[in-house]
Amino acid sequence: MSDTVLDVGDLRTSFPSAEGRVDVVDRVSFDVGAGETVALVGESGCGKSMTALSIMRLVPKPGRVEGGSIRVGARDVRTLPVAEMRRVRGGDVSMIFQEPMTSLNPVQRCGRQIVEAIRLHHPESSEEARRRARDLFGEVGIPDAEARLDAYPHQLSGGMRQRVMIAMALASRPKLLIADEPTTALDVTIQAQILELLRTLQREHRMAVLLITHDLGIVNEIADRVLVMYAGRIIEEGGRRDVLARPGHPYTRGLLRSLPGVVERGARLEEIAGVVPRPSEWGAGCRFTNRCPLAFDPCAGTEAPRVEVGARHVAWCHAAARDEGGRS
Amino acid sequence: MIAYVLRRLAYGFATVLGVLAFLFGLFFLYATPEDMARRALGDKAPPQAIEQWIVNHEYHHPLFWNPENPGKTLIVDHYRRMLTFDFGRSDADDVRVTTRLREGVGPSLSLTVPLFFGGLVLSISLALFVATFRETYIDRAGVALCVLAMSVSILLYIIGGQFLIARILKWFPISGYDADPAVIARFLVLPVLVGLAASFGEQVRFYRTVFVEETNRDYVRTARAKGCGDGRVMWHHVLRNAMIPIITRVVLAIPFLFTGSILLESFFAIPGLGSMTVDAIHANDFATLRVMVFLGSVFFIAGQIVTDVCYTLADPRVRLE
Amino acid sequence: MESYVLSNLITSALVAGLALALWGARRSPLWRNAGRELARRRPVALAVVAAYALVAGLDSVAWTDPHHEVAESEAVLLGEPRSAIDRLFPADFQEASYSAPFADHELYGGEALRHPGGHWLGTDIIGRDVLHRTLKGARVALIIGGLTSLIVLPLALLVGVSAGYVGGRVDDVVFFLMSTLASMPSLLLLIALIMVLGVGTVQVCVALGVTGWVGLARLVRAETFKIRELEYVDAARVLGTSELRIVGRHVLPNLMHLVVITFALLFSSLVLSEVVLSWLGIGIEGSWGRMIDQARTELSREPVIWWGITSASVALFSLILAVNQLADAVRDILDPRTVGEES
């Protein structure tokens, strides 16, 4: 982890609501090193996708990034001129999306969409770009590449479409690939193939991956480090083994207990009681308070403190702070 | 595909028969030939004159059943003439309707074709521009302007245009027409401009809605994520995907190229089919009016079939079955 | 019965019906919220439409004067039923010639006017007060929109719902009828209908109705198809609810947003169509379209008579603009497709 590919600091992204603008991404900070796979985990609506879109400067209107810094390499994405930002998108940073069914342009042949991605970043002739596209198809494991280049997206299966998306993302050898729930819409067997593909590609190209998922099983398979997000904030951060084996935040613990296969056989699966609070219900304190089994006096009123629960393993939690304090 | 088109043609033909039935009911059953004669000749016309008028226009046969000559009834005549495009003579001045149509279609097209293509290019470009800046003040101002433009009656555009540009500024003649290609443009600029002004609000707003809906789709996000700029996203991706609603609208507007613009033509004295329709209204010429409605619907039905075929060209997912 | 009594009765019935509909809508939280949202977004447009409705309402209630304690010359005029709007103007307000706004002499002869300075917006070429005519146009516009909607809405609902709900043969027949009507160019069909039916308020509204109902009926049919397949409708059927009751309880209420949106959009297009018809000489007496049509002769005079067309146009434009804005807002509020859900 010699150099940092992505460094996000105090990122805030807001959307308007009945009560005014609400930060759905609230002071989020993290970094991704070269060749590293970082998983951003959380339930739907916790702000993880918005974090990713903020990095690409693709937050849909009327949402907007309010503050913080997003550094890709040495440049701050937030202040780049539009033309240079276009070179970052699909250049240094690529992104693939959850819905392979709808994320490809339905009226353009797959090959043309890849060629467009290549030629947007490299001044190649269209024949050269087409040859590159065919190679990319081979690389992401699309059989019969020549014929598939001329196929329309609706003629391919979901897994094939996601491979096309990945080929497109790889077109200009990005330093960072953001994968937003890349396997959620796919069958389980296809999921495994796509994950395996991502892992291989990442190793071969020494590409950093920011993987956004709600599936701790996937995290366990592929991630080096884990960021857990809840209601717009990061509440735990650490190495994959540390977070999954010794979770420091009650929310992470709840997530793990509700996952079949992680708890011992025969033990009852638990669910986290209650529902995620809506942005209008976020108080000044920890946003997990209303569902937390360990909640006590300070939780609702004051912001959760940062607690080192292990080596390079941090949680933001009053209860963890109390335990930590008692032990030392 | 061929089976589909054949089936579609058969249904279209059935619809044409339905239209003819409606017209027969309207023009022969509700308004009887006597009514028509009286309208044409005036209320005080003597009964003999009315009788004579009816015989002259061959409206004297029985409606449905003629025991002496089974083929000679009004309904058979009506269907036979319309379907063979042998439209007979005008009720007003006995000129053959077909002759009129042939004379009128040229002037009509010379007005409607520039108006059609100009309007199409202008409104789609403007709509793409406005949709690029959706959720900003440019967009909001654009939509407000469209609603404003839509709220003005087309008559005011015509009267205002003639008054301001032709009478005060004297840039173009107020009205008139000349088949000579050297001077024809001078007469056509003003009606085309007025026509554009009258239609752009509604059109831009429609296309904007289509484009904005399209820009919210996932593939647009993918295109941006790979580094496409606004212009490229709109012109290469969104426009191409919005072709289905555009085609629907465009093809169904083509019939009106032929039937002409009733208001523009008569205000600017362009001797096209629209003017012909207005003359027919003022002269109580039911025969011409009947033909215009019939032709309009034939074009419309043909347009619908063409539209369906165009869908397959615009969207590879569409299969006609 | 005298015609003005009948017209008064119809007006009261309409006002009562409207009040009843509003009262009914108030009881449903959906409609109450929609109404509140509309008032928040478009207060000016709502006020404008309400003002037009008020003027039209005042013009719709007419009565005769029982006492004739006036000059002999005015007695005949006063014997006629006059509406509240008419009563704002003197009975003999018509000039022998015509004048500009606020003028005290006629435009060409230079003779003194009977009501110097009294014509705020001038008179038309036969001496009728332009302000008076403009105000009376509001009633005509609302009649065009209102009466036609009374034809269009029940017809479209009946046909659309029965086609969509019953399906099968009924649907085939209805669909064929609709595609036949829709294939005729609407302006030409409108002209043909009025030519055959004759010119008059009712005839024009019927013709507008015949050409206007197909669009809504198609929407209703498609939406009914969808609602029919919903699970709660199946559940109601399993519970033994009668079909009529299902239509009344489950289908119709779910179509109301379509009806409201279509009505708002239909209204402005109907009023604008009437202007075109007026110009073709087959419009409704007393409409703004007639006033604009009259401008053809007025504008070619020297000096130009601009006030008639200007007043009618401004009156027409403000109403249509307000209705269009309301229609836009209503669609945004009620149509779930255009409500953007942010994730």
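As the structure is a prediction and not an experimental result, all values here were calculated from the model. Lettering follows sequence order; numbering is per chain, from 1.
Contact detail for B/Ser151 and C/Leu272: the closest heavy-atom pair is O-CD2, 4.5 Å. Closest approach of B/Met292 and C/Leu188 over heavy atoms only: O-CD1, 3.7 Å. Across all their heavy atoms, C/Pro185 and B/Ser297 have their closest contact at CD-N, 3.7 Å. Closest of all the heavy-atom pairs between B/Gly18 and C/Thr180 is C-CG2, 3.4 Å. Minimum heavy-atom separation, C/Ser183 to B/Ile301: CB-CG1, 3.8 Å.
Using a 4.5 Å cut-off between heavy atoms, B/Ala144 makes no contact with chain C at all. With a 4.5 Å cut-off on non-hydrogen atoms, B/Phe294 does not touch chain C at all. Interface remark: C/Ser313 contributes backbone and side-chain atoms alike to the contact with chain B (heavy atom separation under 4.5 Å). Looking at C/Leu197, the atoms closer than 4.5 Å to chain B (heavy atoms on both sides) sit in the backbone and in the side chain alike. Looking at C/Asp328, only its side chain comes within 4.5 Å of chain B, counting heavy atoms on both sides. For B/Ile281, the parts lying near chain C are the backbone and the side chain together; criterion is any non-hydrogen pair under 4.5 Å. Looking at C/Ala182, only its backbone comes within 4.5 Å of chain B, counting heavy atoms on both sides. For C/Leu319, no part lies near chain B; criterion is any non-hydrogen pair under 4.5 Å. If you measure heavy-atom distances from B/Asn284 to chain C, the contacts under 4.5 Å come from both the backbone and the side chain. At a 4.5 Å heavy-atom cutoff, the contact between B/Arg205 and chain C is made by side-chain atoms alone. Of the two parts of C/Ile194, neither the backbone nor the side chain holds a non-hydrogen atom closer than 4.5 Å to a non-hydrogen atom of chain B. Looking at B/Ile154, the atoms closer than 4.5 Å to chain C (heavy atoms on both sides) all sit in the side chain, from C-beta outward.
Note that the CD1 atom of C/Ile191 and the CG atom of B/Leu289 stand 6.5 Å from one another [nearest 0.5 Å]. Atoms CG and OG1, from C/Leu177 and B/Thr15 in turn, are 10.5 Å apart once rounded to the nearest 0.5 Å. To the nearest 0.5 Å, atoms OG1 (B/Thr209) and CZ (C/Arg331) are separated by 6.0 Å.
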| Between C/Trp288 and B/Ser153, does a side-chain contact (heavy atoms from CB on, under 4.5 Å) hold up when you go through it step by step? | CA-CA 11 Å; C/Trp288 293 317; B/Ser153 165; over 6 Å; no

| query | Taking it one step at a time, do C/Val276 and B/Ile262 satisfy side-chain contact (heavy atoms from CB on, under 4.5 Å)? | reply | CA-CA 10 Å; C/Val276 172; B/Ile262 291 178; over 6 Å; no

| task | Mind running side-chain contact (heavy atoms from CB on, under 4.5 Å) on B/Leu156 and C/Phe317 for me, showing each step along the way? | result | CA-CA 10 Å; B/Leu156 291 180; C/Phe317 172 72; 5.8 Å; no

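For the options B/Ile159, B/Leu155, B/Val147, B/Val16, heavy-atom pairs under 4.5 Å to chain C are most numerous at B/Leu155. By number of non-hydrogen pairs under 4.5 angstrom with chain B, the leading residue of C/Leu193, C/Leu316, C/Ile282 is C/Leu193. Ranked by heavy-atom pairs shorter than 4.5 Å toward chain C, the options B/Leu148, B/Val212, B/Val298, B/Asp35 are led by B/Leu148.
Between B/Phe163 and C/Trp306, the ring center distance fails the sub-6.0 Å criterion.
The number of heavy atoms from other shown groups lying within 6.0 Å of CZ (C/Phe176) is above 12.
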